[in-house]
Amino acid sequence: MSEFEEQPTGGISRRTVTKAMVWAVPAIAIAAPVPAFAASGGSFNLSGAGCKLPGNSNSIYKGYAFRLSIANTTNSSITLNITQITLNNVSLGQVKIVNLDTGNSQVNPFLIPANTSYPNLALLTENATNSSNGTLSVTYTIDGGNTFTTVTATVTSAPPINGASCSTFTAAEKVTINSAIGGVPSWQANTAYAVGDTVQVTGGFLTAIVAGTSGATEPALPAPGGTVVDNTVTWQRPG
């Protein structure tokens, strides 16, 4: 299990996980080797598959979420700094990484401890372009080096992350991403909800699977994958 923790140092995690782990590169992926990094087994794999973030969800991250994995199989910690990310040569602005397993997040640059792997991350961007299709380009450095490495991937589409057409992330991962950008509203009493609406309750999140109007008291959070009836709304907790 990997852990992606908030740290004063700006690092991704303190926990060392599976050593010498090599991840399979996605079918459409950015595989960006840096001599001192990749030669020792490190990898930065960014899938071209992504979804559009809600435009009104956060004052900063209104762009895209792309699936990402990072591995540092060297014996030293490294600092990865994304200096530029563009889609069709248009800047996507600042970036943030969210650990989809833990919900923890960090902003650029990212400290990756020695012999540590993060197979299940999302890279969030500040901006979006007029078109979700085209060439995704990422430039980054390792340990403040002067060598800038640029890699590209093809983005075929980026449907809204909260819609059914976004298959890049699971329902639970979508909730994690929404939470990281402040995009999940709190449950409200006596409120009409449609199928697919997601709300935050004490201890977690619920998604409406039967439309209706909520009751006067916040529903209790069921076990993962379980459901709960709230007046005329039926909620399900992501599994």
Side-chain angles (χ1 to χ4, degrees), residues 2 4-13 23 25-26 28-53 58-74 76-100 102 104-114 116-129 132 134-155 158 161 168-169 173 176-177 180-181:
S2 64
F4 193 91
E5 300 174 341
E6 300 276 358
Q7 297 184 55
T9 59
I12 291 179
S13 172
W23 298 328
V25 178
I28 300 176
I30 289 176
V34 175
F37 185 36
S40 300
S43 64
F44 176 80
N45 300 325
L46 177 63
S47 172
C51 298
K52 176 68 174 64
L53 298 173
N58 184 274
S59 60
I60 298 178
Y61 298 97
K62 300 181 179 180
Y64 301 105
F66 295 105
R67 189 169 286 281
L68 171 71
S69 65
I70 296 176
N72 177 15
T73 58
T74 70
S76 301
S77 63
I78 63 103
T79 299
L80 185 151
N81 182 34
I82 296 176
T83 58
Q84 180 175 262
I85 179 169
T86 62
L87 184 59
N88 286 336
N89 296 316
V90 177
S91 175
L92 300 182
Q94 301 178 48
V95 294
K96 180 179 186 177
I97 287 179
V98 178
N99 187 325
L100 297 175
T102 66
N104 294 324
S105 61
Q106 281 290 331
V107 295
N108 193 49
F110 312 103
L111 176 65
I112 309 169
T116 303
S117 299
Y118 299 100
N120 198 27
L121 307 175
L123 178 66
L124 312 185
T125 70
E126 175 186 11
N127 301 320
T129 64
S132 59
T135 300
L136 180 68
S137 177
V138 177
T139 301
Y140 70 92
T141 62
I142 297 295
D143 290 336
N146 293 322
T147 300
F148 295 85
T149 298
T150 300
V151 288
T152 60
T154 299
V155 177
I161 193 168
T168 301
F169 304 101
E173 289 170 344
T176 298
I177 292 170
I181 61 175

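- Checked against Leu121 for a side chain to side chain contact (heavy atoms under 4.5 Å, CB included), the options Ile97, Val98, Asn45 give a single hit: Ile97.
- Contact of the Lys96 side chain with the Val107 side chain is registered, since non-hydrogen atoms from C-beta on lie closer than 4.5 Å.
- Here the straight-line distance linking atom OG1 of Thr139 with atom CG of Asn81 works out to 11.0 Å at 0.5 Å rounding.
- Closest approach of Leu87 and Gly134 over heavy atoms only: CD1-C, 4.0 Å.
- Using modelled atom types, one finds a donor on one side chain and an acceptor on the other under 3.5 Å when comparing Arg67 with Asn120.
- Of all heavy-atom pairs between Pro119 and Ser69, the closest is O-CB, 3.7 Å.
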Residues Thr129, Tyr64; criterion side-chain contact (heavy atoms from CB on, under 4.5 Å); working and verdict: CA-CA 9 Å; Thr129 64; Tyr64 301 105; 3.3 Å; yes
Residues Leu92, Leu136; criterion side-chain contact (heavy atoms from CB on, under 4.5 Å); working and verdict: CA-CA 10 Å; Leu92 300 182; Leu136 180 68; 4.0 Å; yes
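- Ile112 has its side chain within reach of Tyr118: a pair of non-hydrogen atoms, C-beta onward, lies under 4.5 Å apart.
- One finds the CD atom of Gln106 at 9.0 Å from the CG atom of Leu111 (value rounded to the nearest 0.5 Å).
- Taking 4.5 Å as the limit, some side-chain heavy atom of Leu123 sits within range of a side-chain heavy atom of Ile82.
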Derivation of the side-chain contact (heavy atoms from CB on, under 4.5 Å) call for Ile177 and Leu100: CA-CA 7 Å; Ile177 292 170; Leu100 297 175; 3.7 Å; yes
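- Annotation: the span from Leu124 atom CG to Asn108 atom CG amounts to 12.0 Å, rounded to 0.5 Å.
- Using a 4.5 Å cut-off on side-chain heavy atoms (C-beta onward), Ile70 and Phe110 make no contact.
- Atom CD1 of residue Ile161 and atom CD of residue Glu173 lie 9.0 Å apart, to the nearest 0.5 angstrom.
- One distance of note links CD1 of Ile181 with OH of Tyr61; it measures 10.5 Å at 0.5 Å rounding.
- At distances below 3.5 Å, at least one donor-acceptor pair connects side-chain atoms of Lys52 with backbone N or O atoms of Lys62.
- Atom OG1 of Thr141 sits about 12.5 Å away from atom CD of Gln84, to the nearest 0.5 Å.
- Considering all non-hydrogen atoms of both residues, Leu53 and Ala65 come closest at CD2-CB, 3.9 Å.
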Assess whether side-chain contact (heavy atoms from CB on, under 4.5 Å) is satisfied between Phe66 and Thr125, documenting all intermediate values. CA-CA 9 Å; Phe66 295 105; Thr125 70; 4.3 Å; yes
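- For Ala153 against Gly48, the heavy-atom pair with the smallest separation is CB-CA, 4.3 Å.
- Nearest heavy-atom pair, Gly50 versus Thr168, reported as atom, atom and distance to 0.1 Å: N-OG1, 3.7 Å.
- Asn72 is not listed as a side-chain neighbour of Leu80, based on a closest heavy-atom distance of 4.5 Å or more.
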